[in-house]
J.: 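A single structure is presented below for examination.
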Amino acid sequence: MLTSLRSSVLSLGLALFALPAQAFDTTARAAYVMDQTTGTVLLSKDADQPLPPASMSKLMTLYVAFEALRDGRLTLDEELPVSEHAMSYGGSTMFLNTQDRVRVEDLLRGIIVLSGNDACVVIAEALSPDGTEAGFARYMTQRAEQMGMNSSNFANSNGWPAAGHMMSVHDLAVLADRLITDFPEYYPLFAEEEFEFDGRAPSNSRNRNPLLKLGIGADGLKTGHTQEAGYGLVGSAKQGDRRVIFVLSGLDSTARRAEEAEAVVNWSFRNFVERTIANSEAPIAEAKVWMGAEKTVGLVPDGDLTILLPVLGDKDVKAEVVYDGPVDASSEPIKKGQKLAELVIKPEGLPEIRRPLVAANDVATGGFVVRMMTVGSIVLTDVIGNPLDAL
């Protein structure tokens with residue numbers, strides 16, 4: 001709970017305490033872990049460093065494909081041709097050839113479950129502004145920038161090693177979050193453990209995600225591996241009402257990737273807990289009011305305020321209420337629900353959290369008596385400083 005209120009003109013200090021979160025000691029080259037439910041970043045290691053993403057960058061191809069399905073530019077039953085260029089890719093493939101016309105739904109499952117390099121190119125050439133994979137890669141880069149992924153640059157559609165093909169683990173987490181949030185109708189595809197396409201690739205029919213069978217709530221998203229990138233995983237798991245998204249990059253083996261990913265999921269759910277620290281009915285602070293019928297107005301969250309805290313932490317956290325005040329009611333009244341301030345919460349060992357605070361009640365504009373009293377207080381205090389301090 002929030003206690004020990006101390007007010008000042010511009011901020012209210014809430015003297016509270018919590019034990020620091022125990023950091024996860026990862027051997028990954030870069031890592032990012034986020035509690036999607038509360039938006040809390042639990043771990044960040046070289047998170048904005050552009051690195052080769054390998055097949056994890058296929059998630060961007062999938063996002064663009066899902067957008068095209070949503071907009072009607074593709075349909076799941078539509079059959080797409082396979083070019084020589086698509087067929088030429090090695091590595092993980094669906095073993096497509098130029099005689100094929102493949103349903104979009106099969107291509108999507110081939111990308112997600114089989115990590116098909118050829119399937120990515122078929123989608124890319126169908127959606128590319130100029131009909132080429134290179135043109136699609138340029139489009140992906142522009143679209144990623146629009147989505148706030150500022151450390152991403154694509155040279156192809158599938159993560160095949162290429163100069164300048166880079167993503168940060170932070171960007172991959174942003175992308176995972178958007179896939180889960182924007183396309184819930186397609187997200188279940190990421191939990192499929194097996195896809196046998198036309199019986200062509202019996203040795204490549206299993207999903208490489210090592211977490212799907214473990215019963216820990218894992219339901220996506222994509223593994224990746226090249227010699228340069230090492231072993232990586234963009235993962236997500238849901239337990240109860242909480243969902244965690246994580247990205248690991250640069251691990252040295254499939255075994256290490258599996259161990260590290262499972263450990264991250266367990267650490268994220270076992271060491272943090274959601275706590276409601278304020279509700280929309282009980283003011284947590286008061287803001288001074290200028291020229292109002294009342295001298296102060298209560299400040300409340302715009303909804304029950306639930307945050308993520310370390311399991312071993314106390315019930316209290318460090319917090320500060322910041323507002324530009326006194327709040328001016330001289331020209332128009334303050335309305336209940338009007339945003340007036342910001343609550344800055346600072347859990348030890350976790351990033352600060354900012355949430356809006358709103359007026360708990362209406363405050364009318366002050367009448368003649370209030371205005372005369374305010375003018376009088378200004379005259380009396382003019383010689384010692386800011387007259388607003390007299391409120």
Side-chain angles (χ1 to χ4, degrees), residues 28-71 73 111-112 120 123-124 127-129 135-159 162 164-187 190 220-222 224 229 232-238 242-250 264 268 307-308 339 342 344-345 350-356:
R29 166 68 181 84
Y32 192 83
V33 183
M34 178 183 73
D35 181 84
Q36 188 198 41
T37 310
T38 61
T40 307
V41 178
L42 304 180
L43 174 67
S44 181
K45 177 182 178 182
D46 290 332
D48 293 309
Q49 177 67 38
L51 297 168
S55 288
M56 295 185 291
S57 63
K58 288 182 171 78
L59 293 176
M60 191 65 198
T61 294
L62 289 165
Y63 188 89
V64 174
F66 292 158
E67 285 189 317
L69 287 167
R70 181 193 62 198
D71 299 342
R73 292 178 286 120
I111 295 170
I112 293 169
C120 283
I123 292 287
L127 295 177
S128 172
F136 183 77
R138 290 190 291 271
Y139 176 84
M140 286 202 301
T141 301
Q142 294 169 355
R143 187 70 186 95
E145 185 176 358
Q146 292 173 349
M147 294 165 63
M149 298 158 57
N150 298 316
S151 299
S152 294
N153 184 75
F154 301 96
N156 53 54
S157 63
N158 50 32
H165 191 94
M166 298 285 181
M167 296 185 76
S168 68
V169 293
H170 183 191
D171 281 1
L172 283 163
V174 169
L175 180 55
D177 181 35
R178 291 291 298 269
L179 283 164
I180 294 167
T181 302
D182 296 350
F183 299 107
E185 67 272 37
Y186 300 124
Y187 185 66
F190 290 95
L221 287 129
K222 190 73 188 72
L233 174 63
V234 179
S236 183
K238 185 176 182 182
R242 282 186 59 201
R243 175 176 288 281
V244 169
I245 292 169
F246 65 93
V247 186
L248 303 172
S249 180
V264 162
S268 300
I307 65 172
L308 201 68
K339 181 181 176 182
E342 189 173 48
V344 183
I345 308 161
L350 291 173
E352 72 177 25
I353 302 163
R354 292 178 175 265
R355 295 291 186 269

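Here the structure is a predicted model, which means the values were calculated and not measured.
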J.: Looking at every non-hydrogen atom in both residues, tell me the closest pair between Ala124 and Phe136 and how far apart they are.
T.: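 Looking at all heavy atoms of both residues, the shortest contact is CB-CD2, 3.3 Å.
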J.: Specify the closest pair of heavy atoms between Gly164 and Asn153, including all atoms of both residues, with the distance to one decimal.
T.: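 So the two residues come closest at O-ND2, 2.8 Å.
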J.: Are more than 12 heavy atoms, taken from residues, nucleotides or ligands other than Glu145, located less than 6.0 Å from that residue's CD atom?
T.: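 Incorrect, the count does not exceed 12.
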J.: At what distance, to the nearest 0.5 angstrom, does CE of Met149 lie from CE of Met140?
T.: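 Between Met149 CE and Met140 CE, I get 9.5 Å after rounding to 0.5 Å.
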J.: Only counting residues at least two apart or in another chain, list the ones meeting side chain to side chain donor-acceptor pair (under 3.5 Å) with Ser249.
T.: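 With sequence neighbours excluded, Ser249 shows a side chain to side chain donor-acceptor pair (under 3.5 Å) to no residue whatsoever.
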J.: Return the orientation label for the Phe66 and Phe190 ring planes: parallel under 30°, perpendicular over 60°, tilted otherwise.
T.: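 Judged by the thresholds at 30° and 60°, the geometry between Phe66 and Phe190 is perpendicular.
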J.: I need the minimum non-hydrogen distance between His165 and Ala155, along with the two atoms involved.
T.: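 Looking at all heavy atoms of both residues, the shortest contact is ND1-N, 2.9 Å.
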J.: Does any pair with a residue in residues 54-69 pass salt bridge (Lys or Arg N to Asp or Glu O under 4.0 Å), and if so which ones, sequence neighbours excluded?
T.: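 Of all non-adjacent pairs touching residues 54-69, those that pass salt bridge (Lys or Arg N to Asp or Glu O under 4.0 Å) are Glu67-Arg70, Glu67-Arg143.
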J.: Pair Val244, Val33 - check side-chain contact (heavy atoms from CB on, under 4.5 Å), show working.
T.: CA-CA 7 Å; Val244 169; Val33 183; 3.9 Å; yes
J.: Between Asn156 (side chain only) and Asn158 (backbone N and O only), is there a donor and an acceptor less than 3.5 Å apart?
T.: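 Here the side-chain-to-backbone pair exists.
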J.: OG/Ser268 to CE/Met34 distance, rounded to the nearest 0.5 angstrom?
T.: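 Rounded to the nearest 0.5 Å, the OG-CE separation comes to 11.0 Å.
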J.: So do the side chains of Ser236 and Ile180 get within less than 4.5 Å of each other, counting heavy atoms only?
T.: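 Yes, side chains in contact.
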J.: Scan residues 35-48 for pairs that pass salt bridge (Lys or Arg N to Asp or Glu O under 4.0 Å), counting only residues two or more places apart or in two chains.
T.: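 Listed by first then second residue: Arg29-Asp46, Asp35-Arg242.
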J.: Search all heavy atoms of Ala54 against all heavy atoms of Ala229 and return the closest pair with its distance.
T.: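 Minimum heavy-atom contact is CB-CB, 4.1 Å.
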J.: What distance separates Ile112 CD1 from Thr61 OG1, expressed to the nearest 0.5 Å?
T.: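 Answer rounded to 0.5 Å: 11.5 Å.
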J.: Under the ring-ring contact (aromatic ring centres under 6.0 Å, His included) rule, what pairs show up with a residue in residues 34-64, not counting sequence neighbours?
T.: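 Counting only pairs at least two positions apart or across chains, the ring-ring contact (aromatic ring centres under 6.0 Å, His included) contacts touching residues 34-64 are Tyr63-Phe183.
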J.: I'd like to check Val41 versus Leu350 (side-chain heavy atoms, cut-off strictly below 4.5 Å). Are they in contact?
T.: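 Val41 does not reach Leu350 side chain to side chain.
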J.: How many angstroms lie between CE in Met56 and CG in Leu51, if you round to the nearest 0.5 Å?
T.: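 The CE atom of Met56 sits 8.5 Å away from the CG atom of Leu51.
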J.: With heavy-atom distances below 4.5 Å as the criterion, would you say the side chains of Glu342 and Pro356 are in contact?
T.: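 Glu342 does not reach Pro356 side chain to side chain.
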J.: Pick one: which of Thr141, Leu172, Leu175 meets side chain to side chain contact (heavy atoms under 4.5 Å, CB included) with Met60?
T.: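 Of the listed residues Thr141, Leu172, Leu175, the side chain to side chain contact (heavy atoms under 4.5 Å, CB included) partner of Met60 is Leu175.
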J.: Would you compute the distance between atom CD1 of Ile353 and atom CG of Leu308 and round it to the nearest 0.5 angstrom?
T.: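 Rounded to the nearest 0.5 Å, the CD1-CG separation comes out at 7.5 Å.
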J.: Please list, chain by chain and in numerical order, all residues satisfying side-chain contact (heavy atoms from CB on, under 4.5 Å) with Ala47, sequence neighbours excluded.
T.: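 Checked Ala47 against side-chain contact (heavy atoms from CB on, under 4.5 Å); matches are Tyr32, Ser44, Val169, His170.
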J.: Tell me the closest heavy-atom pair linking Gly148 and Asp171, and the distance in Å.
T.: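 Scanning both residues, the minimum pair turns out to be O-OD1, 4.3 Å.
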J.: Are the side chains of Tyr186 and Leu179 in contact, using a 4.5 Å heavy-atom criterion?
T.: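 Answer no - side chains too far apart.
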J.: Taking side chain to side chain donor-acceptor pair (under 3.5 Å) as the test, write out the residues that go with Asp177, two or more places apart.
T.: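 In terms of side chain to side chain donor-acceptor pair (under 3.5 Å), with neighbours along the sequence ignored, Asp177 is linked to Gln36, Thr181.
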J.: Evaluate Ser55 against Lys222 for side-chain contact (heavy atoms from CB on, under 4.5 Å), listing each step before the verdict.
T.: CA-CA 7 Å; Ser55 288; Lys222 190 73 188 72; 3.8 Å; yes
J.: Please round to the nearest 0.5 Å and tell me the distance separating atom CG of Leu69 and atom CD of Glu185.
T.: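 Rounded to the nearest 0.5 Å, the CG-CD separation comes to 8.5 Å.
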J.: For Thr37 and Arg243, indicate whether the former's side chain and the latter's backbone hold a donor-acceptor pair under 3.5 Å.
T.: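 Yes; at least one donor-acceptor contact below 3.5 Å.
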